[in-house]
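To start, the structure under review is shown below, and the notes come after it.
This one's a predicted model, so the numbers in the text were calculated from it and none came from an experiment. Numbering of ligands and ligand atoms starts at 1, following listing order.
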Amino acid sequence: MIQAVIFDLDGVIVDTAHYHFLAWKRLAKELGIDFTEHDNEQLKGVSRMRSLDIILELGNLRLSQEEMERLAVKKNQWFVEYIMAMKPDEIFHGVKELIREIRSRGMKVALASSSKNAETVLNLLSIKNYFDVIVDGTMIKHSKPDPEIFLQAAAKLNIPPVNCLVFEDAEAGVAAAVAAGMKCVGVGSSELLGKANVVIKKTGDFTMDQLLTLN
Ligand code: BG6
Ligand code: MG
C-alpha cells in the first residue's frame with residue numbers, strides 16, 4: 001500500500017529544469033563546449049558539481065578544483081537570476097490539486113530535491129506548506145542516482161520505503177527511487193524513464209486511479 005508520495009522538484013513541480021539547462025548552456029558556451037538538450041538529460045537530478053564534471057567531460061576539458069568552484073558559483077548566480085523572475089503561477093498545471101488529493105486520502109507528502117535552491121523555489125511558488133517533509137541538496141552526501149535522498153525522506157516521514165511512491169523526471173532520479181526500493185512514476189519520455197513503474201507526460205496528468213493500480 002502506498003502511504004507516502006515523494007516529489008522531485010525541478011521538472012516535476014515546475015519547469016526549473018529548463019532554467020538549469022539555460023544556465024549550464026550559457027556556461028558551456030563561454031567554455032566553447034557544445035551542449036544540447038540531449039546532453040542535459042545526464043545533468044538532471046545530479047548535484048551541481050557532478051553536472052559541471054559532465055559538461056567538462058563533454059568538452060574534454062580539465063580544470064583545477066578552484067576554477068571549477070568559480071564556474072559552479074557563476075552558473076548558480078545565473079540560475080538564481082532566472083528563478084527570481086518566476087511567478088507562483090509557473091507551477092505545473094494540476095500539481096497543487098494532485099498534492100491536495102493525495103493528502104486528503106491520508107497519505108503523507110515529501111519533497112526530495114538534489115537542489116540547494118529548493119527552498120527558494122518552494123518559497124517563490126508559495127507551496128512549502130504542501131509538504132510534510134523536505135529534503136534538499138544541503139542535507140545529503142550523495143545525490144541521485146544514490147538512493148540516500150529518498151531513504152532520508154522516508155525515514156523522516158516514518159514510512160517504510162516499500163510504501164513510498166516517487167515522482168521523477170530524471171533518469172538518475174528514477175534509478176535512485178528503484179535503488180531505494182520505492183515505486184516510481186516517471187514524468188517525461190518513456191524511452192529515458194523506462195525503469196519507472198509508469199511514465200506520464202505531465203505530473204498533473206496523474207490520477208488517483210493510477211495510484212491505486214500501483215498498490
Ligand atoms: C536537481 C536538478 O534538482 O538539482 C539538477 O535536476 C541540478 O539539474 C541539481 O544540478 C542541483 O541543483 P542546485 O540548485 O543545487 O545547483
Ligand atoms: Mg528533476
Side-chain angles (χ1 to χ4, degrees), residues 5-28 35-58 68-84 86 90-92 95 110-125 127 131 134-150 152-153 165-178 180 182 184-189 192-193 195-196 199-204 206:
V5 181
I6 306 176
F7 289 87
D8 169 51
L9 176 64
D10 298 318
V12 165
I13 289 183
V14 61
D15 201 9
T16 34
H18 186 62
Y19 296 131
H20 278 295
F21 170 66
L22 292 180
W24 283 125
K25 174 120 183 126
R26 189 165 163 188
L27 189 77
F35 179 64
T36 64
E37 291 221 40
H38 175 75
D39 299 325
N40 186 56
E41 288 301 326
Q42 293 177 61
L43 271 57
K44 290 186 179 173
V46 308
S47 69
R48 195 180 303 168
M49 288 315 279
R50 178 66 197 128
S51 299
L52 180 56
D53 272 341
I54 296 170
I55 291 181
L56 295 180
E57 278 163 22
L58 283 168
M68 283 177 64
E69 267 154 35
R70 198 185 64 78
L71 294 177
V73 167
K74 197 167 176 180
K75 178 268 170 180
N76 192 55
Q77 282 168 347
W78 287 329
F79 175 74
V80 171
E81 251 174 54
Y82 298 149
I83 61 170
M84 282 306 166
M86 207 164 66
E90 280 188 50
I91 188 166
F92 286 140
V95 170
L111 183 103
S113 165
S114 305
S115 173
K116 293 182 172 151
N117 295 296
E119 201 168 329
T120 307
V121 173
L122 294 178
N123 284 331
L124 286 165
L125 298 176
I127 54 164
F131 302 94
I134 294 169
V135 187
D136 69 21
T138 66
M139 304 173 186
I140 50 168
K141 282 206 182 72
H142 309 285
S143 74
K144 302 163 189 175
D146 192 285
E148 180 185 356
I149 195 162
F150 293 131
Q152 205 182 122
L165 172 67
V166 171
F167 276 73
E168 258 299 344
D169 69 315
E171 217 175 333
V174 173
V178 172
M182 299 179 179
C184 187
V185 177
V187 182
S189 120
L192 284 168
L193 310 175
K195 296 215 170 78
V199 180
I200 55 175
K201 286 263 167 287
K202 293 176 184 162
T203 311
F206 192 74

Checking one value in my table: which N/O/S atom of D10 lies closest to the Mg ion (ligand 2)?
O
Touching ligand 1 at all, S51? Heavy atoms, strictly under 4.0 Å?
yes
Note, W78 side chain near L27 side chain (heavy atom, < 4.5 Å)
yes
For residues E41 and L192, determine if any side-chain heavy atom of one lies less than 4.5 Å from a side-chain heavy atom of the other.
yes
Are H20 and K75 packed together at the side-chain level, in the sense that at least one heavy-atom pair is separated by less than 4.5 angstrom?
yes
Output yes when the distance from some N or O of ligand 1 to some N or O of D8 is under 3.5 Å, and no in every other case.
no
Logged contact type for S113 with ligand 1, heavy-atom cut-off 4.0 Å, is side chain
Among N, O or S atoms, D169 approaches the Mg ion (ligand 2) most closely through OD1
Closest to atom 16 (O) of ligand 1 among protein heavy atoms sits R48 NE, 2.7 Å
Answer whether the closest heavy-atom distance between the side chains of L111 and I13 falls below 4.5 Å.
yes
Subset of ligand 1 atoms that lie under 4.0 Å from at least one heavy atom of D10:
1 (C), 2 (C), 3 (O), 4 (O)
Heteroatom of D8 nearest to the Mg ion (ligand 2) (N, O or S, atom name)
OD2
Under 3.5 Å between any N/O of K116 and any N/O of ligand 1: does that happen in this structure?
yes
Heavy-atom contact under 4.0 Å between G137 and ligand 1?
no
Heavy-atom side-chain proximity of D169 to K44 below 4.5 angstrom
yes
Will you find, in the side chains of N117 and D10, an N or O donor that is under 3.5 Å from an N or O acceptor?
no
Which residue and atom name correspond to the protein heavy atom nearest atom 6 (O) of ligand 1, and how close is it?
G45 N, 2.8 Å
OG on S115 to CG on N76, rounded to 0.5 Å
7.5 Å
Closest to atom 11 (C) of ligand 1 (judged by heavy-atom distance), picking from G173, S115, A17, A112:
S115
Is it true that the side chains of D39 and T36 contain a donor and an acceptor less than 3.5 Å apart?
yes
Report yes if the distance between the aromatic ring centroids of Y19 and F79 is under 6.0 Å, otherwise no.
no
Indicate yes or no: at least one non-hydrogen side-chain atom of E168 is less than 4.5 angstrom from one of L193.
no
Only heavy atoms of V46, strictly under 4.0 Å: list the atoms of ligand 1 that pass.
5 (C), 7 (C), 9 (C), 10 (O), 11 (C)
Atoms in ligand 1 with a heavy atom of N117 nearer than 4.0 Å:
13 (P), 14 (O)
Considering only non-hydrogen protein atoms, determine which one is nearest to atom 8 (O) of ligand 1 and report residue, atom name and distance to 0.1 Å.
L43 O, 3.3 Å
Looking only at distance, does F79 have an N or O less than 3.5 Å from an N or O of ligand 1?
no
